[in-house]
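Given the structure is predicted, the values throughout are model-derived calculations rather than measurements. Below, chain A is the first sequence line, B the second, and so on; all start at residue 1.
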2 protein chains.
Amino acid sequence: MDISKTCADCSVRNRSLCGTLDDGELQALSRIGHRRHFTRGATILWSGEPATQCGNLLSGALKMTASTADGREQTVSTLYPADFVGRPYAEDSRFTVTATADSELCMFARAPFEHLLERHAKMERQLLDQAFTALDESRAQMLTLARRSAAEKVAGFLLDMADRAEVTRISPTGPATFDLPINRGQIADLLGLTIETVSRQLTKLKLAGIIALPGIRTITIRDEASLRTRAG
Amino acid sequence: MDISKTCADCSVRNRSLCGTLDDGELQALSRIGHRRHFTRGATILWSGEPATQCGNLLSGALKMTASTADGREQTVSTLYPADFVGRPYAEDSRFTVTATADSELCMFARAPFEHLLERHAKMERQLLDQAFTALDESRAQMLTLARRSAAEKVAGFLLDMADRAEVTRISPTGPATFDLPINRGQIADLLGLTIETVSRQLTKLKLAGIIALPGIRTITIRDEASLRTRAG
DNA sequence: CGAGTACTTGATCGTGATCAACGGGTGTGG
DNA sequence: CCACACCCGTTGATCACGATCAAGTACTCG
């Protein structure tokens, strides 16, 4: 298989780390990389295990989770196409990475990838910027987890998802409708709540006329201003 | 003032970013850096304001906090000597950085510092590693904030502080005694609790004979095994 | 000595977890 | 084709943890 052709065709070519490379550099990268497919539910990295691989997400979605010894779980990051997966410069991964949808990754062994980073300053700078952005997001989420109420968490989550999702509207200013990519349990894991609390908050918003739930995973935002008020 | 001499004398010379530089490079760095002193309570960066400065902490301690619009606050990071402060590659700081003790920083304007980073790959790699480490810590803390009980948070906090603090023991295996560098309110901010809950958890541990509180900010760990059990 | 700050303790309240039951949709095997 | 199991989501009842409100103590500083 001609991998360099694959790189040229890559769906995240201009958004991921590789976007900083010229054609020659890309050849070098494609020599150490390979595509791998993970079905929904499959685990890419295990918490506490040696993390010998890293890579870029091409399609699908991943979650990164942390767990207590007795099994309580918290999602600490959600990864979308073009996001980088893994932890250069550390032997072990402290978190578990799992596919929440069928996903394709472009993966590299960590050692040669680190070596490549050293020789491509632009790529390293891009990775540094991505790491700082992830750090800002993670810290913002700490505020939500520790200090916001369940109502605020769910309202904020819906606004975030509406931003990210493909939204359809019956008129340009009309109510926005979109599909949630995850189920109630995964929302609870993300917000530090239980399934029951997420469900109750959604029905509360529905009864208040702020959202509608035309399908089990479909959300219509009928009153965005109120939703923003409730997001705190 | 001969700044290069100051660099040579710097207390964090071998632990911070600058540790990667040779004498010539250090001269270049010292030309754009200057020392600044902040008294306890002073603010180094304001959330939402342009962040034109970054730097290394030389002595003292800082906290980084996030706040909701209505004033609820959460400490998202604690910074100690040799830690890097600021956010390269972004116009604004999303968090407020405050001195929790009288502190000295070695500060740089962001633009020339970024320029310097580009020309010193080792320093950039060191910063990348620090950013990934901070990211791991932040994500581990998300689990604590979202899923651990007040008792687990306080027990875990005491173990962390004992690791970091200068501990004195009456005998090599005897109980460890150390001073907390922060007051109850700051512990509460860090753990996502209230002052009252922190205080109650400490007295509960005292009544159980697991710790002693010889002074208001002094902790003696009398039964580390039990404390670890309670940390979950 | 009085004011102010930090901490502790007590009483009560409310949010969200927990336990439990039930409904709807889907896929499987007899 | 239908009976059944299973998963997911909703709803109800109750409980417990930690927040809130309130009072009081110990220490420091002017």
Problem set entry | A:Asp189 and B:Arg147: CA distance, side-chain angles, deciding distance, salt bridge (Lys or Arg N to Asp or Glu O under 4.0 Å) verdict | CA-CA 10 Å; A:Asp189 269 3; B:Arg147 300 297 186 188; 3.8 Å; yes

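Using a 4.0 Å cutoff to heavy atoms of chain A, the contacted part of DNA chain D runs 5' to 3' from D:dG9 to D:dA13.
A:Thr194 has no side-chain polar atom (N or O) that falls below the 4.0 Å cut-off from OP1 or OP2 of C:dG16.
As rounded to whole Å, 17 Å separates atom P of C:dG16 from atom CD1 of A:Ile195. Atom P of nucleotide C:dG14 and atom CD of B:Glu196 are separated by 17 Å, given to the nearest angstrom. Nucleotide C:dG25 holds its P atom 8 Å from the CD1 atom of A:Ile216, rounded to whole Å. The separation between A:Leu191 atom CG and C:dT15 atom P is 18 Å, rounded to whole Å. Across the protein-nucleic acid pair, B:Arg217 atom CZ and C:dT5 atom C1' stand 11 Å apart, rounded to whole Å.
A 6.0 Å sphere centred on CZ of A:Arg40 holds no more than 12 heavy atoms belonging to other residues, nucleotides or ligands.
The aromatic rings of B:Phe108 and B:Phe113 sit parallel to each other, their planes meeting at less than 30°, with 60° as the upper class boundary.
Residue pairs meeting the side chain to side chain donor-acceptor pair (under 3.5 Å) criterion with at least one partner in residues 215-232 of chain A, sequence neighbours excluded, are A:Thr177-A:Thr220, A:Asp179-A:Thr218, A:Asp223-A:Ser226, A:Glu224-A:Arg228.
The shortest distance between side-chain heavy atoms of A:Thr75 and A:Gln186 does not fall below 4.5 Å. Looking at B:Leu202 and B:Leu158, their side chains come closer than 4.5 Å, going by heavy atoms from C-beta outward. The shortest distance between side-chain heavy atoms of B:Pro81 and B:Arg15 falls below 4.5 Å.
Applying a 4.0 Å cut-off to non-hydrogen atoms, none of the residues of residues 63-78 of chain B approaches DNA chain C. Contacts between residues 198-215 of chain A and DNA chain C, counted as heavy-atom distances below 4.0 Å, involve A:Arg200. Residues from residues 138-159 of chain A placing a heavy atom under 4.0 Å of any atom in DNA chain C, listed by number, are A:Ser149, A:Ala150.
A donor-acceptor contact closer than 3.5 angstrom links the side chains of B:Arg87 and A:Thr133.
To the nearest 0.5 Å, the span separating CG on B:Leu62 from CG on B:Leu57 amounts to 4.5 Å. From A:Ile211, atom CD1 reaches atom CD1 of A:Ile219 across 4.5 Å, with rounding to the nearest 0.5 Å.
In terms of the salt bridge (Lys or Arg N to Asp or Glu O under 4.0 Å) criterion, residue partners of B:Asp70 (sequence neighbours excluded) are, by chain and number, B:Arg72.
A salt bridge links B:Glu91 with B:Arg110: the closest approach of a Lys/Arg side-chain nitrogen to an acidic carboxylate oxygen falls below 4.0 angstrom.
A pairwise comparison of heavy atoms in A:Gln74 and A:Gly192 identifies OE1-CA, 3.5 Å as the closest pair.
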